[in-house]
Amino acid sequence: MKYDFSEIESKWQKKWQESKVFEAKDDFEKPKFYGLIEFPYPSGAGMHVGHIKAYSGLEVISRKRRMQGYNVLFPIGFDAFGLPTENYAIKTGTHPRQVTDKNIEHFSEQLKKVGFSFDWSRVIDTTDENYYKWTQWIFLKMFEKGLVFRDTALVNYCPSCKVVLSNEDSQGGKCDICKSDIVQKSKDVWYLRITKYADRLLSGLDEVDYLPNIKMQQVNWIGKSTGAFVDFEIKECGEKLRIYTTRPDTLFGVTFMVMAPEHPMIDKYADKIKNFDLISKYREECSKKTEFERTQLVKDKTGVKIEGFTAINPVSGEEIPIYISDYVMMGYGTGAIMAVPAHDERDYDFAHKFGINIKQVIKGGDISKEAYTESGEMINSGFLDGIKEKSVAIKKMTEYLASKGIGEAGVQYKMKDWAFNRQRYWGEPIPIVHCGKCGMVPVPYEELPLRLPEVSNFQPGEGGESPLAKIEEFVTCKCPKCGGPAKRETDTMPQWAGSSWYYLRYVDPKNDKMFASPEKLNYWLPVDWYNGGMEHVTRHMIYSRFWHKFLYDLGLVPTDEPYAKRTAQGLILGPDGEKMSKSKGNVVDPNETVEKYGADVLRVYILFMGDYASAAPWSESSVRGCKRFLERVADLPGLVKDDCKDKLDSHFHKAVKKVSSDMEELKFNTAIAQLMTLLNEIEDYGEISKEQYSVYLRLLSPFAPHLCEELWEKSGEKEMIALAPWPKYDESKTVDSTVEIAVQVNGKVRGTVCVAPDEEKDSVFKKVFADEKLAGNFTGKTVVKEIYIPGKIVNIVVK
RNA sequence: GCGGGUGUGGUGGAACGGCAGACACGAUGGUCUUAGGAGCCAUUUCUUCGGAGUGUGGGUUCAAAUCCCACCACCCGCACCA
């Protein structure tokens, strides 16, 4: 058959759309499969090959599930709020709404050309007011439950985008969007109290099936540590300075203490500090330091001794000096530490620079050279002396602290509360009203959605305030509580808001009474399999797990965790092996491949190019190889014979087994390789039965659906292959009647012998020793040991 | 620095502790052609043809790419988290 892919592909894309085969049915009797891919941000640049790889994995799984008889929900939507669209709108003077609509249309068209089996009847758009109504609704529920709070804080601020960023969006001190250096700025910030869920976000990981590296990253991100809080009295003012430590066992080794520059006690007792001028100067220097300086100068500790403050070690009674230094941060623990230079590298560096005494309390290492951070026998530690186990010493000290009322066991997390506002136009308005009399008042639920007003200028204000602040009609309003004059909040939600619950909306996208009906949620949740990029494993995933757990606590969703299983695809690198980027000029446009080789070739190539979870470079010549493969498949009908012998039968049973299981394990490359091998075998043999042909097409159809539909139809089938039953295999038929196994002598392969898979040992060795080619290996030697693993190998040890 | 991962032909990559290099790409030779960046056939880890080979060096085992120990290189997270 001539393989006219463009004709075949447009024909079947049209048929799929018209017949609605990929629309999920709310048939609660059928077993369900909910496959989720990360919905794209519809950028003006259009689709990237990375999108295709990200979607292809679950695309083939979803197609397989339909063939296995599942009711499949494989939805698509658009995460369309966000800065790039807004920046483009500012640049071109177009409204973000128009930009978004145009981009979504363009994106949809491109996705359809690849033949993804998405349910296009459930498309969602986070910027649609019928969608963001519910984003605001959930926010108000959180407000109601005390999970939303406002605070003035030093925030990560991007001077270029003029926007406050969360810690997650400013990793490494760079803006996630424009890569500019972040500065610290004092601002009013809305927070979501995600830390309240820290422990459950951590323990919930035990119940889900995420790839190990994904779990690990989330565990790291949450960053739980256990230790103790200890109170040190300050002699001069009598107040207790509370610190957090993971090493209470080293309490006897404390030789100084350090406070963060922003620690409130410094201002509180300014009059008692003799060198306050010096301290103030140091604090100023710290606030000016860029993130770069702070991270690059880690080894070079700076600080100032607080003259006039002396702390008292609560267990030894020793008097110890207190310093301020920016190696201690206000944002973690209590903003103050006990320093044990003998057993902590950072404290050691600091003590070394400032000439502070170093007191060893754990035996081992060489304290004159470096801090000893391993475990060992406790010394110079009063009642802990002689203990060799770190955990025992920690336990004993913690119990002692608690019994004396000078401390207690404690837990800390690296994860911070979620800064939840942006001073931008293209986001969900925060539905809160500020009333002089009543304070912060939520917009009543029945007034949702709180719509974005029409604005002509999307440029943020110079002071970093939202463009909404300039719209008088929007800002001025009545307090929903007292009816008095009030002002609306003008900040909008961050991009991560809409994506925190979108998988819930897919279940019931047109519901106007609720974000989704309980019956439908009950049936479809949890998401059975979620695939996406590693870059979203810490931010988007943790945020959405948090929202989900919140909704679960309100009884609004049926499961504690949203995603039962999570995998991640590897990057597609440029042909040069580098990460694709416009500046390197190594970006591959998927549309060109579709035009030139067809969507089926593109799909097969992307899944064949390498291990799905690893990065792999693009290779156009390999794309051509996949084209050749499909062309040969298109010629397969010529080999179909009615009276074909069943010589290849076991090959087919093996292939069904391998392709089926490889797909489940994300090993699409070897699944396709198996189909290639089978094709080679068929061509070598020269004929194939009608039934075998049918099996072959069904196995290949998730990967190359257009071509397989066409061949399927040509072979006389009336129904689409998309709903044909997935082939089954017979385990007993995957085993050959004879196998050729290797014969090793002293571990080296010396020949082979043909035996039955379960042949008796005696019989096998009779054949081995009768073999003329092998005989030379035994002459003049004594057989010491005979090893036979049925179906695998023979190894003979001789001397 | 900490955490995780990877290391196999010219290339992408296969390989439940059991014949390393499946499947492809590329290359070489042949065939068919006015032509070949098409198709088909053959060869393709290295080799002094004895063997040697999965980053390096040890170990466990009848048997190691695979398990254990040490080291080296690269990639990805986090980064003064007390």
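Here is how names work: the chains are called A, B, and so on, in the same order as the sequence lines, proteins then strands, and each is numbered from 1.
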May I ask you to say what [X] touches in the nucleic acid, namely base, sugar-phosphate or nothing, with a heavy-atom cut-off under 4.0 Å?
X: A/Lys667; result: sugar-phosphate
X: A/Ala336; result: nothing
X: A/Asn795; result: base
X: A/Gln412; result: nothing

Nearest-angstrom distance from the residue atom [atom1] of [X] to [atom2] of [N]:
X: A/Tyr210; N: B/G5; atom1: OH; atom2: P; result: 19 Å
X: A/Phe232; N: B/A82; atom1: CZ; atom2: C1'; result: 12 Å
X: A/Gln217; N: B/C2; atom1: CD; atom2: C1'; result: 14 Å
X: A/Lys215; N: B/G5; atom1: NZ; atom2: C1'; result: 18 Å
X: A/Glu740; N: B/C19; atom1: CD; atom2: C1'; result: 9 Å
X: A/Glu345; N: B/G1; atom1: CD; atom2: C1'; result: 7 Å
X: A/Lys748; N: B/G53; atom1: NZ; atom2: P; result: 7 Å
X: A/Ile741; N: B/A63; atom1: CD1; atom2: C1'; result: 14 Å

[atom1]-based separation of [M] from [N] [nearest Å]:
N: B/G1; M: B/A65; atom1: C1'; value: 31 Å
N: B/C19; M: B/U66; atom1: P; value: 14 Å
N: B/U11; M: B/A22; atom1: P; value: 15 Å
N: B/G53; M: B/G7; atom1: C1'; value: 16 Å
N: B/C80; M: B/C75; atom1: C1'; value: 25 Å
N: B/A63; M: B/C2; atom1: C1'; value: 38 Å
N: B/A70; M: B/G4; atom1: P; value: 14 Å
N: B/G57; M: B/C72; atom1: C1'; value: 10 Å

Among [options], which nucleotide has an atom closest to any side-chain atom of [X]?
X: A/Arg750; options: B/G51, B/A82, B/C19; value: B/G51
X: A/Asp611; options: B/G18, B/A14, B/A82; value: B/A14
X: A/Tyr327; options: B/A82, B/G3, B/C80; value: B/C80
X: A/Thr245; options: B/A82, B/C62, B/C19; value: B/A82
X: A/Ala742; options: B/A82, B/C19, B/G51; value: B/C19
X: A/Val328; options: B/G3, B/C19, B/A82; value: B/A82

Quiz item: Does B/G9 sit syn or anti, given that only angles within 90° of 0 count as syn?
Solution: syn

Quiz item: Is the glycosidic torsion of B/G50 within 90° of 0, making it syn, or is it anti?
Solution: syn

Quiz item: For A/Tyr729, which residues count as a ring pair (Phe, Tyr, Trp, His ring centres under 6.0 Å) partner, sequence neighbours excluded?
Solution: none

Quiz item: With under 30° as parallel and over 60° as perpendicular, where do the rings of A/Tyr323 and A/Phe350 fit, or are they tilted in between?
Solution: perpendicular

Quiz item: What orientation do A/Tyr244 and A/Tyr332 show, parallel under 30°, tilted 30 to 60°, or perpendicular over 60°?
Solution: perpendicular

Could you check whether atom [atom1] of [X] has more than 12 heavy atoms from other residues, nucleotides or ligands sitting under 6.0 Å from it?
X: A/Glu285; atom1: CD; value: yes
X: A/Lys196; atom1: NZ; value: no
X: A/Lys579; atom1: NZ; value: no

Quiz item: Under 4.0 Å between a side-chain N/O of A/Tyr332 and OP1 or OP2 of B/A82, yes or no?
Solution: yes

Using both distances under 3.5 Å as the test, list the Watson-Crick or G-U wobble partner of [N], or none.
N: B/A70; result: B/U56
N: B/U48; result: none
N: B/U28; result: B/A42
N: B/G1; result: B/C78
N: B/A35; result: none
N: B/A20; result: none

Exercise. Would you please indicate if the ring centroids of A/Tyr605 and A/Tyr597 are separated by under 6.0 Å?
Key: no

Quiz item: Side chains of A/Tyr197 and A/Met415: does their closest heavy-atom pair fall under 4.5 Å?
Solution: no

Quiz prompt | Any donor-acceptor N or O pair under 3.5 Å, side chains A/Asp736, A/Ser650 | solution = yes

Quiz item: Toward the 5' end of RNA chain B, which comes first, A/Lys596 or A/Ser225, by nearest nucleotide?
Solution: A/Lys596

Quiz item: Which residue lies toward the 5' end of RNA chain B, A/Pro617 or A/Lys414, if each is placed at its nearest nucleotide?
Solution: A/Pro617

Exercise. Say whether, by atom type as modelled, one donor and one acceptor occur between the side chain of A/Gln674 and the main chain of A/Val659 under 3.5 angstrom.
Key: no

Strictly under 3.5 Å: I want the nitrogen or oxygen pairs between protein and nucleotides 20-28 of chain B, one per line.
unit_1: B/A24; atom_1: OP1; unit_2: A/Asn680; atom_2: OD1; d: 3.4
unit_1: B/A24; atom_1: OP1; unit_2: A/Asn680; atom_2: ND2; d: 2.9
unit_1: B/C25; atom_1: OP1; unit_2: A/Arg628; atom_2: NE; d: 3.0
unit_1: B/C25; atom_1: OP1; unit_2: A/Arg628; atom_2: NH2; d: 2.7
unit_1: B/C25; atom_1: O2'; unit_2: A/Ser621; atom_2: OG; d: 2.7
unit_1: B/G26; atom_1: OP2; unit_2: A/Arg628; atom_2: NH2; d: 3.2

